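Note that the coordinates shown come from a computational prediction; the quantities given were computed from them, not determined experimentally. For the numbers below, each heavy atom of this structure counts, side chains included, while hydrogens, waters and symmetry mates do not.
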Amino acid sequence: MSFLSLVVKNPFRNKTRSALAIVGIAIGIMVIVALGMVTGGLENSTQSTLKAGAAEITILQTGSNSFGSGGTLNESLVTSILSINGVKDTAGILRASNTSTTTATLNSNSSQGGFGPEGVSITGIDLNKLSLIGIDSVNGTAFSNSSTDEVIIGKTSAQSLNKTVGDTINLYGKDFKVTGTFETGNFITDAGIMMPLSTLQNLTSNKNKVSNILVKVTDNANVTTVSQSIEDAYPNQLTTTTAEATASRINQGLSFIDTASWAISLLAIFIGAVGVINTMIMSVYERTREIGVLKAVGWKDRRILGMILGESIVLTLIAFIVGTVVAVVGVELILTLSPSVGGIIKPSFAYDIFLRAFIVAFLVGVLGGLYPAYRASRLSPTEALRYE
Amino acid sequence: MNNNGNIIEINDLKKSYDNGKIKALNGMDLVVKKGEFISIMGPSGSGKSSLLNMIGALDTADEGSINVAGIDLRKTKNLSEFRSKEIGFVFQMHNLIPNLSVIENVEIPMFETKASSNEMRERALELLKSVNLEDKIDQKPTKLSGGERQRVAIARALVNHPSIILADEPTGSLDSKTGAIILNLLKDLHSKENVTLVMVTHEPYVGNMAERIVNVLDGKCQNIVSSP
């Protein structure tokens, strides 16, 4: 028998008590890992969202929602803005949403914009401007500008609608052929459908109107300066938003989520740690006479301290394994059962999430076991041997 | 051990508890030669167990001198090392660890030695054979009888080749027949392993098995008689 095997064996003398202590810590670990996987996935999603869009600036009508549907801007602005210093290219896009099934025909033109489990985001854009929205390649073929019945759909949309190249999709009471699919990394774009701008303008009675204008700046231009120039050229009419500003807002949000998840995790760990301390103190009490015997046969105080501390760490490391497995399985299960969420968030398996959880488990084991271990090591052998 | 062959030398040893209210040892004197078998007898509260605890360095004296196996216990800081090397305890209640097997219980004292796992197992097996328990090495103590558990405790006490075995009422919780077996076993091993055996008892028939009987009263040695 080795000392290590003794340390591993001892916590399971009282299986129920040890199991409860493990569950307590495992809950905290599970929270840390699950939140880490989800927030990590959100961060990755955000990063790829920001990288995927080729346009640095999005123009919208002052006072409107950047993801709003409907045409609010005159399409002529798309050309006018090209003349502003620092602007390399522009693209007008029209956003709309519609529900689609393979058989039902729905004519409602949703004014809510955006998308959801029921709504599919549709974007009208010229074929040669697809790169400004982040679509660099299409699996299949892209629609032609003159077509009135062709669309390309994003990967997430294809999965949730169960559509692929060659399928038909019904939008605004009309069948459209899916000529291609795309993936940009932007979870919003990938959940949408693209069609020629003119086609969508006609379908939604938004002739010569666009929702947003995407702006690509020249290589040496300062995005903020160009953005300000556009607003200055069209005061009280146009508002701009840059990718950097969007990133900053998203990062603030993620930072808040991260802080909140840490706070929740720490609370869960604190509660679990109290359970560990209680378990180990009870264990030491029950083994008082045994500790006296160990001292009598020559065990040094530090070996006794090491044994109790080791047992505490064994409990928390087992809790780390249990909590991690439950978190991974749970997150995967939830995201699989909820495709709309699963399409947006891909859980992160970055090693630092698990390393953080491991370190927390280890530290809880050390902190939870330290006091009971110290008490055990300081027991007087004669008093311990007399303990009933 | 010193030059005159004494393994235990105690001179005017005093120990009190409860801020001096309880005088457990009140000027104890004792000399034991190496290889002797002595019994310590006396009424309850006379200081027998306190004396054993002092010899075994489980407690420290307030005054006086105590030398065991050549070591001045009042000046030694590392008493746990002394216990590991020189002392083997046999308690009235066997005090085996319930979730460890018989052989693992015997191995426990060897953790403070430099023995490898294999060496520990070999030594433990050797001793379990000598106490006739080689067929029960993997059993838990709860599956053993009282006598068998005490035999395991004796094997554990001998595992580090101690120079002294301290037995505190080793047959106190056994029936007379089993107690006799245990006593004979202790006596046998005392000769075979060449250890000094100090046994505390309040039973005359047990005390008479020793070479000398030390009678203790009120924390002092009253007299020492040779066994009949």
Give, as side chain, backbone, both or neither, the part of B:E104 having an atom under 4.5 angstrom from any heavy atom of chain A. both
Side chain, backbone, both or neither: which part of B:I108 has an atom under 4.5 Å from a heavy atom of chain A? both
Checking heavy atoms, do the side chain of B:L100, its backbone, both or neither come under 4.5 Å from chain A? side chain
Exercise: do B:N78 and B:S80 side chains pair donor with acceptor under 3.5 Å: yes
Is the ring pair A:F349/A:F354 parallel, tilted or perpendicular, if the boundaries are 30 and 60 degrees? parallel
Counting only heavy atoms not in B:Y17 (residues, nucleotides, ligands), do more than 12 fall under 6.0 Å from its OH? yes
Could you tabulate the donor-acceptor pairs under 3.5 Å formed by side-chain atoms of residues 125-137 of chain B, not counting sequence neighbours?
unit_1: B:E126; atom_1: OE2; unit_2: B:R123; atom_2: NH1; d: 3.1
unit_1: B:S130; atom_1: OG; unit_2: B:L127; atom_2: O; d: 2.6
unit_1: B:K136; atom_1: NZ; unit_2: B:E148; atom_2: OE2; d: 2.7

Checking B:P162 against chain A: side chain, backbone, both or neither under 4.5 Å from a heavy atom? neither
Does any heavy atom of chain A fall under 4.5 Å from the side chain of B:M110, the backbone, both, or neither of them? neither
Which residues, numbered in order, of residues 2-15 of chain A come under 4.5 angstrom of chain B by heavy-atom distance? A:S2, A:F3, A:L6, A:K9, A:N10, A:R13
Could you look at B:F111 and say if it's the side chain, the backbone, both or neither that has a heavy atom under 4.5 Å from chain A? both
Salt-bridge test for A:D301 and A:K295: reply yes if a basic N is under 4.0 Å from a carboxylate O, no otherwise. yes
Any side-chain donor near an acceptor of the partner, B:S173 and B:Q92, under 3.5 Å: no
Is B:F82 close to chain A through its backbone or its side chain, or both, or neither, when contacts mean heavy atoms under 4.5 Å? neither
